[in-house]
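Note that the numbering runs from 1 along the sequence shown for the chain.
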Amino acid sequence: MRSIRAAATGAVMLSLALAASACGGGSSTGGGSNDSPKELTYWASNQGASIEIDKKVLQPELDKFEKQTGIKVKLEVVPWSDLLNRILTATTSGQGPDVLNIGNTWSASLQATGALLPWDAKTFDAIGGKDRFVDSALGSTGAEGQDPAAVPLYSMAYALYYNKQMFADAGIDGPPATWDELVAAGKKLTKDGKWGIGMEGSNPSENVHHAFVFAEQHGADFFTSDGRADFANEGAVTAVKQYVDLMAKDKIIAPGNAEYAQNQSVSDFAKGRTGMLLWQSASANLTSQGMSEDAYGIAPVPVRSGSPGPGKQVNSMVAGINLAVFKNTDNLDGATEFVKFMTSDTEQKILNTAYGSIPPVKAAQQDTAFNSPANAVLKDTLATSAAALPQVPEESQFETAVGTAVKNLFADAAAGREVTTASVKAALTKAQQQMPTK
């Protein structure tokens with residue numbers, strides 16, 4: 001998901017109640033119909049530098065769809081800070097859009113509500129077949145052993161973006177491959193009002209994504225093999241502390257980043273205020289903010305030692321956006337046709353080019369438009385060293401609970417309060433206590 005930005009913290013209580021009802025099975029929504037065959041409502045996530053940019057990208061394509069099918073699509077671009085809360089409200093009320101974007105990490109959680117259309121073999125055949133999509137993207141579309149709750153739309157991976165001129169001025173030969181190297185580089189860059197690296201410390205989803213990667217590198221998971229929350233295990237505690245210590249101990253992140261939640265770290269990097277950025281498919285966003293592609297390099301996210309690859313050398317979560325259909329849509333055929341349109345080879349090239357993401361459709365991904373050096377790093381990461389966040393019904397609650405715990409730890413660091421192993425464990429234990437019990 002694109003940072004995948006903040007899952008609304010206000011959604012947590014609704015999320016917990018929703019998950020509890022999901023454990024009992026069933027949804028309040030009914031089956032879909034074709035009562036309104038000439039219109040659709042589409043909730044799109046905010047992928048670009050602003051909602052207005054998203055409208056400029058999407059509206060011509062929606063007009064094209066209307067011309068081809070006669071179906072008018074009413075577009076609403078929903079900010080990431082509101083999206084999860086809006087979706088959860090819609091799943092309980094039954095009053096939602098026909099089609100919507102969801103962060104791929106939410107797939108299993110929203111699947112458990114029963115409100116989304118399952119994509120069985122017959123439904124996939126209606127959009128050209130399941131085998132059109134790459135396996136890594138399909139792995140984040142719902143719980144294992146169940147029909148997917150959504151279809152991949154945009155694929156992304158985290159990468160390390162670095163300012164070439166700032167690196168040269170600081171005498172840094174090249175991008176760091178390990179965290180120790182990143183901290184050393186960050187300390188050289190942190191001077192004269194500039195900082196080594198930027199983070200979105202107040203963004204729960206961003207926090208969870210990084211905490212997950214650090215945990216994977218420490219051989220830890222936030223859930224047991226049978227799906228129980230296990231947030232305060234030794235590996236998870238060590239992982240979260242290492243992440244927060246970039247500000248608390250290493251002091252290569254500006255304290256003000258503890259309040260960042262709306263992509264300010266991307267803007268800081270584009271304006272030369274920070275020398276490094278960890279972000280998902282940032283190139284289009286940086287270009288829109290006036291940063292030349294020649295001004296920065298892109299490299300894999302660091303690992304503890306060696307280089308990224310199979311096993312525990314994970315350096316990204318499998319990021320991306322999925323397209324889902326509400327089961328109670330009043331234009332089921334039109335919604336299915338719209339998903340087919342948006343995931344067509346042609347539209348995949350147009351949309352993923354606009355957003356700097358990678359097409360999850362195999363044929364589109366092979367297009368020469370996606371053979372840039374930046375995309376090569378992202379594609380290699382998705383193919384060899386990215387892992388899907390836990391596809392469990394409680395995943396969205398996990399993002400909110402652990403992401404908020406990390407947010408609070410960043411706030412402590414920014415305020416000069418010591419972040420210790422004990423305080424990290426206490427924060428994660430509290431987060432685990434907020435999880436629903438079945």
Look up atom [atom1] in [X] and atom [atom2] in [Y], then write down how far apart they are to the nearest 0.5 Å.
X	Y	atom1	atom2	value
D135	L382	CG	CG	12.0 Å
W43	F326	CH2	CZ	6.0 Å
N352	L153	CG	CG	7.0 Å
S396	L88	OG	CG	5.5 Å
I321	Q280	CD1	CD	7.5 Å
L62	K74	CG	NZ	13.5 Å

Please determine, by modelled atom types, if [X] and [Y] share a side-chain donor-acceptor pair under 3.5 angstrom.
X	Y	answer
T274	D268	no
E200	S265	yes
Q289	S267	yes
N322	N104	no

Side-chain contact test, heavy atoms from C-beta onward, threshold under 4.5 Å: evaluate it for [X] versus [Y] and give yes or no.
X	Y	result
T123	D120	yes
I102	S107	yes
P204	T404	yes
K251	L246	no
W106	I87	yes
S357	M156	yes
N207	V402	no
W195	I252	no

Are the side chain of [X] and the backbone of [Y] linked by a donor-acceptor contact shorter than 3.5 Å?
X	Y	value
S109	E395	yes
W80	N46	yes
Q391	G142	yes
D54	G48	yes
E399	S205	no
T329	N331	yes
N328	G94	yes
S288	N285	yes

Could you tell me how the ring of Y161 sits relative to the ring of F269: parallel (under 30°), tilted (30 to 60°) or perpendicular (over 60°)?
->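 Ring orientation of Y161 relative to F269: perpendicular.
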Angle class for the F341/F65 ring planes (parallel below 30°, perpendicular above 60°, tilted otherwise)?
->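 Ring orientation, 0 to 90° scale: tilted.
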Atom [atom1] of residue position [X] - does it have more than 12 heavy atoms of other residues, nucleotides or ligands inside 6.0 Å?
X	atom1	answer
K271	NZ	yes
E259	CD	no
D125	CG	yes
K194	NZ	no
K64	NZ	yes
E144	CD	no

Aromatic ring proximity Y243/F212, centre distance under 6.0 Å |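 No; F212 has its ring centre 6.0 Å or more from that of Y243.
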Going through the checks in order, is the side-chain contact (heavy atoms from CB on, under 4.5 Å) test met by E293 and T287?
-> CA-CA 7 Å; E293 290 186 3; T287 299; 4.1 Å; yes
List the atom of [X], the atom of [Y], and the distance in Å for their closest heavy-atom pair.
X	Y	result
D98	T41	OD2-N, 2.7 Å
G334	L40	O-CD1, 3.5 Å
M317	T105	CE-CG2, 3.4 Å
A44	L75	CB-CD1, 3.8 Å
L182	P302	CD1-CG, 3.8 Å
D333	N34	N-OD1, 2.8 Å

side-chain contact (heavy atoms from CB on, under 4.5 Å) between T384 and Q313, worked out = CA-CA 9 Å; T384 65; Q313 295 292 65; over 6 Å; no
Could you give all pairs that pass the ring pair (Phe, Tyr, Trp, His ring centres under 6.0 Å) test and reach residues 371-400, with sequence neighbours left out?
->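 Residue pairs with at least one partner in residues 371-400: F222-F398, F223-F398, F231-F398.
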Report the C-alpha distance between L351 and M342 in whole Å, list the side-chain angles of each, state the deciding distance to 0.1 Å, and finish with yes or no for side-chain contact (heavy atoms from CB on, under 4.5 Å).
-> CA-CA 8 Å; L351 294 171; M342 295 288 279; 3.7 Å; yes
Could you give me the CA-CA distance, side-chain angles and deciding distance for L277 and I197, then say whether side-chain contact (heavy atoms from CB on, under 4.5 Å) is met?
-> CA-CA 6 Å; L277 172 72; I197 191 167; 5.7 Å; no
Kindly write out the residues that satisfy side chain to side chain contact (heavy atoms under 4.5 Å, CB included) with P148, not counting sequence neighbours, or none if the list is empty.
->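 Per chain and number, P148 pairs via side chain to side chain contact (heavy atoms under 4.5 Å, CB included) with W119, F124, K130, T141.
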S36: partners by side chain to side chain contact (heavy atoms under 4.5 Å, CB included), with sequence neighbours left out =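 If we apply the side chain to side chain contact (heavy atoms under 4.5 Å, CB included) test to S36, skipping adjacent residues, the hits are E39, D330.
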Pairing of D82 and R86 as salt bridge, 4.0 angstrom limit =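 Salt bridge absent between D82 and R86.
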